[in-house]
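Below is one structure, written out as structure tokens; comments come after it.
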Amino acid sequence: MAYQFSQDSEKRFQRLIPQFPSKRSLILPCLFLLQADKGFVDQEGMQYIADRIGDPVSLAHVHGVATFYTMYNKKPVGKLHIQICGNISCYLAGSDSITEHVCSKLGIKPGETTSDKKFTVDEVQCLGACGFGPVAQINDKYYENLTPESIEAILSELEKQV
Amino acid sequence: MGLKTLLTTHVGAADSHTLNHYRSVGGYESQKKALTEMTAEQIVNDVKNSGLRGRGGAGFPTGNKWGFIPKTDKPKYLICNGDEGEPGTFKDRLLIEKFPHMLIEGMVIAAKAIDSHQGYIYIRGEFHKGIRIVEEAVEEAYKAGLLGKNILGLGYDFDLAVYSGAGAYICGEESALINSLEGRRGHPRLKPPFPAVSGLYACPTVVNNVETFCNVPHIIRMTGEEYKKIGTEKSPGTRLFAVSGHVKKPGIYEVEMGTPMKELIYDICGGIKNDGTLKAVIPGGSSSPILTAEEAMTATMDYESIASLKSMLGSGAVIILSESADLVETTYRLAEFYSHESCGQCTPCREGTHWVKDLLHKIKVGEGTEKDVELIFSLSRNMEGGTTICPLADACVMAVRPTMTKFKGEFSTRLKKEVSISH
Ligand code: SF4
Ligand code: FES
């Protein structure tokens, strides 16, 4: 069946409409709704968004926006998306050892997903939690002051839940 | 001087983000005062008198910014910039999560000052928790009649919505943020026109940082004149400094402006990690030029002092580097950041940031030559001083060149020794 917003996304979409004088502003929030439904943003979903918002927003607009922003996953990611900050303050706090540890445990490189589709690891730019480095964002949550041991414990705990 | 809480007085309360708690400590009294006793002009003047300067990075006087809004029939928009993303900066997240009502109250007062009836709080998308908390606070405020139509029955309307960023540092630049809110790529706009004249949906718009708005209720409560007594003559008030790197107690500290940097590092943050020695300080976020330990020890935490050392107080992010820090590596990471975040509109920025990053990579792995160093300096000259639409290219230069100049030795020892060709 062709994609349409899930019930929850549809409700949120309806709440968003009156917040903006221009329909175009709905593109970014809609892409988040699509991502919440599918885990990533695909062509079919983007076409759906363009159709839902309607003229003058076209698929090309939606696509142009989706590819500009890093938070929209252009391909599927693992159930646990581990994003480790590698910027200056986290680096000073030892973030490289966290990335190395996680990657060697999972047998993948940054940017890759494990074959069981459980884990994706990415190295990302500053997450805005620099005093509590090393920092990783796993799905929606921040994990701070990491050590190789603590991230391992966190991952095995989270793995049980997915 | 030293620690002084104005915004963060109740940071210890577990429920500081709730309306109940905020009201129990006098919250929303300033909003009432502004809506009942003050004209728009009086609010602007009070904020002008307070000397409040923008807490996002540029340090522009807030009252003046509001004063630029023309008197027209067009809608006027008020935007809170919560797109905190400058490496080293992590203070707005605290305000967002702990004091969302202070932010809302500040925005309602600002709205009246510029005659705006619609506002947006733009928060970086990674702050899921903060976005949820602010959304809940907005809902609470609506229910309590503190937002929406006819606020508190006083006849003023102001609607407020939360908007999530989607992962782009450049959206912290106000015209890029406006484009993002309009559902576009986060491309900075060519100025003029400035947002005050033509911003969101081509209407007059004010964009202020989270911390800036959070100061407003305090100014209205105590009057601009009283507020101005805190801090220094040209840098009134407190600031939230986000300290990271090689200190014993990194974190966010609200400090009276003018406090010696030495006191911040050694007393407030407990000194250098592992009792090491200080090598350098990046005083105001990644794009503020680095200070040597010597310079840092003479600095005070206010706009003028840091500017006199040819750097910037910027976003209030203080990154401490001890003698163990590898400045070639840290500089490379910052260049990598700017090349990653360049929006690509301007050639000097799009090409320059990548080139500088690649050359620094070469130097860091021991393959660089003196020519590469020269090339970085010559690229820098072409990236700065108004050759681009926004200051991101300049920021990259400021993160790289002063470090290479002040810490020459560290870079030159990493260069590949000239190999003599023997034939
Ligand atoms: S300077 Fe860089 S980030 Fe700014 S508009 Fe030009 S290309 Fe984009
Ligand atoms: S440098 Fe890692 S969160 Fe800012």
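Numbered from 1 within each chain, the chains take letters A, B, ... in sequence-line order. Values reported hereafter were calculated over all heavy atoms of this structure, with side chains retained and with hydrogens, waters and symmetry mates removed.
- Side-chain contact between B/Arg185 and A/Thr67 is present, with at least one heavy-atom pair separated by less than 4.5 Å.
- Contacts of B/Ile320 with chain A are made by backbone atoms alone, with heavy-atom separations under 4.5 Å and no side-chain atom involved.
- Between chain A and the options B/Ser244, B/Ala161, B/Ala166, the largest number of non-hydrogen pairs under 4.5 Å is found for B/Ala166.
- Note on B/Arg333 versus A/Asp96: salt bridge recorded, some NZ/NE/NH1/NH2 to OD/OE distance being below 4.0 Å.
- A/Lys11 NZ: 12 or fewer foreign heavy atoms inside a 6.0 Å radius.
- Contacts between B/Glu86 and chain A at a heavy-atom distance below 4.5 Å involve the backbone alone (N, CA, C, O).
- Heavy-atom contacts from other residues, nucleotides or ligands closer than 6.0 Å to NZ of A/Lys105 number 12 or fewer.
- Heavy-atom pairs under 4.5 Å with chain B were tallied for A/Ala66, A/Cys90, A/Ala129, A/Cys85; the largest tally goes to A/Ala129.
- Note on B/Glu84, B/Lys129, B/Lys249, B/His246: by heavy-atom pairs under 4.5 Å with chain A, the leading option is B/His246.
- Atom CG of B/Asp326 and atom CG of A/Leu92 lie 9.5 Å apart (nearest 0.5 Å).
- Atom-to-atom distance recorded for B/Glu336:CD and A/Glu123:CD is 7.0 Å, nearest 0.5 angstrom.
- Your options are B/Cys171, B/Gly88, B/Gly251, and the one with the most heavy-atom pairs under 4.5 Å with chain A is B/Gly88.
- Residues from residues 35-45 of chain A never place a non-hydrogen atom less than 4.5 Å from a non-hydrogen atom of chain B.
- If you take NE2 on B/His128 and NZ on A/Lys141, they are separated by 12.5 Å, rounding to the nearest 0.5 Å.
- Of the atoms belonging to B/Leu321, it is side-chain heavy atoms, and not backbone ones, that fall under 4.5 Å from chain A.
- Contact count against chain A (heavy-atom pairs under 4.5 Å) is highest for B/Gly186 among B/Gly186, B/Gly344, B/Ala317.
- Annotation: A/Gln7, atom CD; neighbour count of heavy atoms from other residues, nucleotides and ligands within 6.0 Å does not exceed 12.
- Closest approach of A/Pro21 and B/Tyr77 over heavy atoms only: CG-OH, 3.3 Å.
- B/Ser164 touches chain A through backbone and side chain together, each having a heavy atom under 4.5 Å away.
- Taking CD from A/Gln19 and OH from B/Tyr120, the interatomic distance works out to 7.5 Å, rounded to the nearest 0.5 Å.
- Looking at B/Glu126 and A/Tyr142, their side chains come closer than 4.5 Å, going by heavy atoms from C-beta outward.
- Outside the 6.0 Å centre-distance limit, the rings of A/Phe20 and B/Tyr201 are not counted as a close aromatic pair.
- Residue B/Tyr169 does not touch chain A at all, counting heavy-atom pairs closer than 4.5 Å.
- By number of non-hydrogen pairs under 4.5 angstrom with chain B, the leading residue of A/Ile27, A/Leu28, A/Val65 is A/Leu28.
- With a threshold of 4.5 angstrom between heavy atoms, B/Cys343 approaches chain A through its backbone and through its side chain.
- For B/Tyr332, no part sits under 4.5 Å from any heavy atom of chain A, backbone or side chain.
- Between A/Glu144 and B/Arg93 a salt bridge is recorded (basic side-chain N to carboxylate O distance below 4.0 Å).
- Donor-acceptor pairing under 3.5 Å is recorded for the side chains of A/Tyr69 and B/Ser180.
- Per-residue heavy-atom pair counts under 4.5 Å with chain B were compared for A/Cys30, A/Ser25, A/Cys126, A/Gly86, and the maximum is reached by A/Ser25.
- With a 4.5 Å cut-off on non-hydrogen atoms, B/Leu160 does not touch chain A at all.
- In terms of non-hydrogen atom pairs under 4.5 Å with chain B, the most contact-rich of A/Gly131, A/Gly133, A/Pro29 is A/Gly131.
- Around CD of B/Glu139, the count of heavy atoms belonging to other residues, nucleotides or ligands within 6.0 Å does not exceed 12.
- Below 30°, between 30° and 60°, or above 60°: for B/His187 and A/Phe68 the angle between ring planes is above 60°, a perpendicular geometry.
- Interface residue B/Ile319: only side-chain heavy atoms are found under 4.5 Å from chain A.
- For the pair A/Tyr91/B/Pro87, no side-chain contact is recorded, criterion being any heavy-atom separation below 4.5 Å from C-beta on.
- Note that the CD1 atom of B/Ile282 and the OG atom of A/Ser89 stand 8.0 Å from one another [nearest 0.5 Å].
- Between chain A and the options B/Gln118, B/Glu341, B/Glu329, the largest number of non-hydrogen pairs under 4.5 Å is found for B/Glu329.
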